[in-house]
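Input: a single structure, listed below in structure tokens.
Residue numbers start from 1 in every chain, and the chains themselves are labelled A, B, ... in the order their sequence lines are given, proteins ahead of strands.
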There are 2 protein chains.
Amino acid sequence: MATYVDDAWTALGDPSRRQILRRLAERPCSVTEIAEELPISRPAVSQHLRVLKEARLVLVRPQGTRRIYEVDLQGLATLREELDQFWGKALENFKRLVEEETEQP
Amino acid sequence: MATYVDDAWTALGDPSRRQILRRLAERPCSVTEIAEELPISRPAVSQHLRVLKEARLVLVRPQGTRRIYEVDLQGLATLREELDQFWGKALENFKRLVEEETEQP
DNA sequence: CACTAACGTAAGTTACGCCTTACGGAATCT
DNA sequence: AGATTCCGTAAGGCGTAACTTACGTTAGTG
């Protein structure tokens, strides 16, 4: 089962996209603003934002001729929940394994 | 500042590595065991495990001629904390922004 | 109505990541 | 000691993701 959360993990695999998302977490801003603070061109940022948008990690809010991007809190929450669940399961299985070993050495 | 957590995000960017990690979360197992359940060769799995190990997401435990891999709970916890902090900051900044807008429309 | 600013997309190049096959080392068994 | 199993690494091929430049579109501005 491939959910859109999977796309989020793939999207966050790129350092530039992580940087962009960290930037947007501070405050929403336009494409040009982001590109000015990164060592890549503006179209490159635009492409990254498209990937992040498809992964439900950012939202767009047109404002005049500019497009203000911001973090998609809902998508981010879903990602966090998935990691939490995974963490819980890993810890649970680890404890179970330890118990089995102490019973049968 | 590039921490080893950054490597974890990069490592989890690959679908095969996410699959391997999910597999190891169920229970620790050897390289061959993992490869048998994946559509890739054993050396490929070995390379993925190396990346996961460098990212502090898995641990190795030599056992005879076999090498048992398991989830690195400590590294995974660190990753979870980072995501939690990021989530908290994003939510905080969002709230702050809403307040500023309600004050000055 | 030009003119500009901001942006998305197309086309093309390039670098890198993933995978394979081949080889060699280490531990176990007979 | 020889054979076998399990594994890591090297070398190379190959697809694709990330970037650039170029162009077209849309919304403000004088």
Revision key, fill the gap. Atom CZ of R66(A) and atom P of dG28(D) are separated, to the nearest Å, by 12 Å
Study note, to complete from the structure: Protein heavy-atom contacts under 4.0 Å, written 5' to 3' over nucleotides 25-30 of chain C as B (base), S (sugar-phosphate only) or - (none), form the string --SS--
Check your understanding: Whole Å only: how far is the CZ atom of R42(A) from the C1' atom of dC19(D)?
Key -> 13 Å
Below 3.5 Å between N/O atoms, which protein atoms pair up with nucleotides 13-18 of chain D? Just atom names and distances, please.
| from | atom 1 | to | atom 2 | distance (Å) |
| --- | --- | --- | --- | --- |
| dA18(D) | OP1 | D14(A) | OD1 | 3.4 |
| dA18(D) | OP1 | R17(A) | NH2 | 2.8 |
| dA18(D) | OP2 | R17(A) | NH1 | 3.4 |

Point to revise | S46(B) vs dG8(D): side-chain N/O to OP1/OP2 distance below 4.0 Å | key: yes
Practice item. Would you mind reading off the distance between I20(B) atom CD1 and dC19(C) atom C1', rounded to a whole angstrom? Key: 12 Å
Review point. Would F94(B) end up clustered with L21(A) when hydrophobic side chains under 4.5 Å apart are linked, directly or stepwise?
Key: yes
Exercise for review: For P43(B) and for S41(A), find the nucleotide of DNA chain D with the closest heavy atom, then tell me which residue's nucleotide is more 5'.
Suggested key: P43(B)
Check your understanding: Under 3.5 Å, is there a donor-acceptor pair between the side chain of D72(B) and the main chain of L59(B)?
Key -> no
Distance-only criterion, 3.5 Å: show the donor-acceptor pairs between side-chain atoms of residues 35-44 of chain B and protein atoms not counting sequence neighbours.
| from | atom 1 | to | atom 2 | distance (Å) |
| --- | --- | --- | --- | --- |
| E37(B) | OE1 | R23(B) | NE | 2.5 |
| E37(B) | OE2 | R23(B) | NE | 3.3 |
| E37(B) | OE2 | R23(B) | NH2 | 3.1 |
| S41(B) | OG | A44(B) | N | 3.4 |

Check your understanding: Which heavy-atom pair separates Y69(A) from V60(A) by the least distance, and what is that distance?
Key -> CE2-CG2, 3.5 Å
Practice item. Round to a whole Å and report the spacing from NZ of K53(B) to P of dG8(D). Key: 8 Å
Review point. When you measure from the side chain of R17(B) to the backbone N and O of L12(B), does any donor-acceptor pair fall under 3.5 Å?
Key: no
**Study point:** Minimum-distance pair of heavy atoms, taken over all atoms of A90(B) and L76(A)
**Key:** CB-CD2, 4.3 Å
Point to revise | Closest non-hydrogen atom pair, V58(A) against L49(A) | key: CG2-O, 3.8 Å
Check your understanding: Hey, does the side chain of Y69(A) come within less than 4.0 Å of dA6(C)'s phosphate (OP1/OP2), counting only N and O?
Key -> no
Check your understanding: Is it true that a side-chain atom of N93(B) and a backbone atom of A25(A) form a donor plus acceptor pair closer than 3.5 Å?
Key -> yes
Study note, to complete from the structure: Rounded to whole Å, CZ of R67(B) lies from C1' of dG8(D) at a distance of 8 Å
Review point. Under 4.0 Å between a Lys/Arg side-chain N and an Asp/Glu carboxylate O for R22(A) and E26(A)?
Key: no
